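Worksheet for the structure shown next.
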Number of protein chains: 2
Amino acid sequence: MRQESKPLREGSKLDRGSILAAAFEVLDAEGFDGLSLRLVAERLRVQTPALYWHVENKASLINLMAATISEMANRDKDRARGWRNKLLALSRALRRTMLLHRDSARLSLAASPVEDPRVIAERIAAPLVEGGLSHRQALSYCASVIAYTVGWVAYEQSQPMHKFLAQMIDFPESFETGLRALVGGLTNPPAVAARNVKSSPGP
Amino acid sequence: MRQESKPLREGSKLDRGSILAAAFEVLDAEGFDGLSLRLVAERLRVQTPALYWHVENKASLINLMAATISEMANRDKDRARGWRNKLLALSRALRRTMLLHRDSARLSLAASPVEDPRVIAERIAAPLVEGGLSHRQALSYCASVIAYTVGWVAYEQSQPMHKFLAQMIDFPESFETGLRALVGGLTNPPAVAARNVKSSPGP
DNA sequence: ACCTGAACACCGTTCAAGT
DNA sequence: ACCTGAACACCGTTCAAGT
């Protein structure tokens, strides 16, 4: 009946996936500052250096975790029409996904992209270009919306901030108010080019 | 002429101020992940435990650094009139100040407030209430604007993001576009109470 | 009051060695 | 191919001891 301190590891194989799962468990339990390869390895009943066969180093693991979150957010967002609704959906999905794991905003801001940034930018901008924005506009607006969302969640996940702010403002409501203000305030043709609206070829 | 490896410390006394200054130097040189008490102590020609007489621990030092940044931002902002202009000034001053030090956004998001949050909230909300907002509105709008600003600067300071995004978008311009959209989109009387606009006492 | 020296527990990472 | 054991450099923190 004693099943502790033995390397049985309940039949689970060690690979990137199981390491990622264990890493998220440690993150939720200890927070971003307490996330260590040693605790991840312990949870997998493995010696720490074993992780290095499947993952380059701790920074790379963090990058993979952040990429996992971005993927999840990307999965449930689309289905909205028009670039404004797409931006709203992107932000809400991102916040929803991030709130699934403790300190995910700080983790994301500590990570660097695993894919080629050009590919990421293309995938994220394409649906907005389709919705009537220029390429530059799409990237610029995305940057603003993502910055707002990640910044907001970072404060929402900060223990001392949350503890106090929660009794002063309603987090979901204030988030929505700010988000709608931001997206609603973004203009379709950029304000700079507002003069040459006379002769654009019909779609 | 040899003036290295000697504990002369050029007449500077060790106190909170000098520790803070040295900590910012280390932050700028090594980044947030490389910020350590040992490097701070080394720069002050002092043994690491000496720092603990003036500062409770590393977390406390980070809190003090973040508070220093907030203070600086608070100093040069005001002078604008109307709550919208005050929010714009707050955001721009915050970004300007943060860009003075490497990784300051991530540092701020890792910190907890040193002052009583009630006092902070009061100081930050008061000028906006004076500008015509309710207390709750003021806090909510501030939260959105600060989240946007810190989130934006976090990405702006992230090396890999910057390296790629810098050639796709203009950082200051996109920041301004998003900021004006956000602040411009916030309504004076909340959208919920948009029905009782008929009889407000003149200013 | 203020700082040093030595120590402790924890960390990321490397590498020879096992299987 | 995949993992262990042992080691290294670095870290935050504590504490007796010096002045």
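Note on naming: letters A, B, ... go to the chains in the order of the sequence lines (proteins, then strands), and numbering restarts at 1 for each one. In this text the structure is predicted, and so the values were computed from the model without any measurement.
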For B:Ser108, all residues meeting side chain to side chain donor-acceptor pair (under 3.5 Å), sequence neighbours excluded: none
Test salt bridge (Lys or Arg N to Asp or Glu O under 4.0 Å) applied to B:Arg106 - qualifying residues, sequence neighbours left out: B:Asp33
Sequence-distant partners of B:Arg38, salt bridge (Lys or Arg N to Asp or Glu O under 4.0 Å), two or more places apart: none
Watson-Crick and G-U pairing of DNA chain C written in dot-bracket, each distance under 3.5 angstrom, with | for inter-strand partners: ||.|||||...|||||.||
Between C1' of D:dG5 and CH2 of A:Trp53, the distance in whole Å: 17 Å
All salt bridge (Lys or Arg N to Asp or Glu O under 4.0 Å) counterparts of B:Glu130, not counting sequence neighbours: none
ring-ring contact (aromatic ring centres under 6.0 Å, His included) involving A:Phe24 - partner list, sequence neighbours excluded: A:His101
Distance, rounded to the nearest Å, where B:Leu44 contributes CG and C:dT4 contributes P: 11 Å
Atom-to-atom span, CG of A:Leu51 to C1' of C:dT13 - whole angstrom: 12 Å
Interatomic distance where CD belongs to B:Gln47 and C1' belongs to C:dC3 [whole Å]: 9 Å
From A:Tyr155, A:Trp152, A:Phe171, residue fulfilling ring-ring contact (aromatic ring centres under 6.0 Å, His included) relative to A:His162: A:Phe171
N or O in side chain of A:His54 less than 4.0 angstrom from D:dA1 OP1/OP2: no
Pairs where residues 151-161 of chain A contributes a residue and the test salt bridge (Lys or Arg N to Asp or Glu O under 4.0 Å) is met, not counting sequence neighbours: A:Arg95-A:Glu156
Anything under 3.5 Å between a protein N or O and an N or O of nucleotides 8-12 of chain D, put it in a table, one pair a line.
unit_1	atom_1	unit_2	atom_2	d
D:dC11	OP1	B:Ser36	OG	3.1
D:dG12	OP1	B:Leu37	N	3.1
D:dG12	OP1	B:Lys58	NZ	3.4
D:dG12	OP2	B:Leu37	N	3.1
D:dG12	N7	B:Arg38	NH1	2.4

Of all pairs that satisfy salt bridge (Lys or Arg N to Asp or Glu O under 4.0 Å), the ones with a partner from residues 80-92 of chain B, not counting sequence neighbours: B:Arg92-B:Glu176
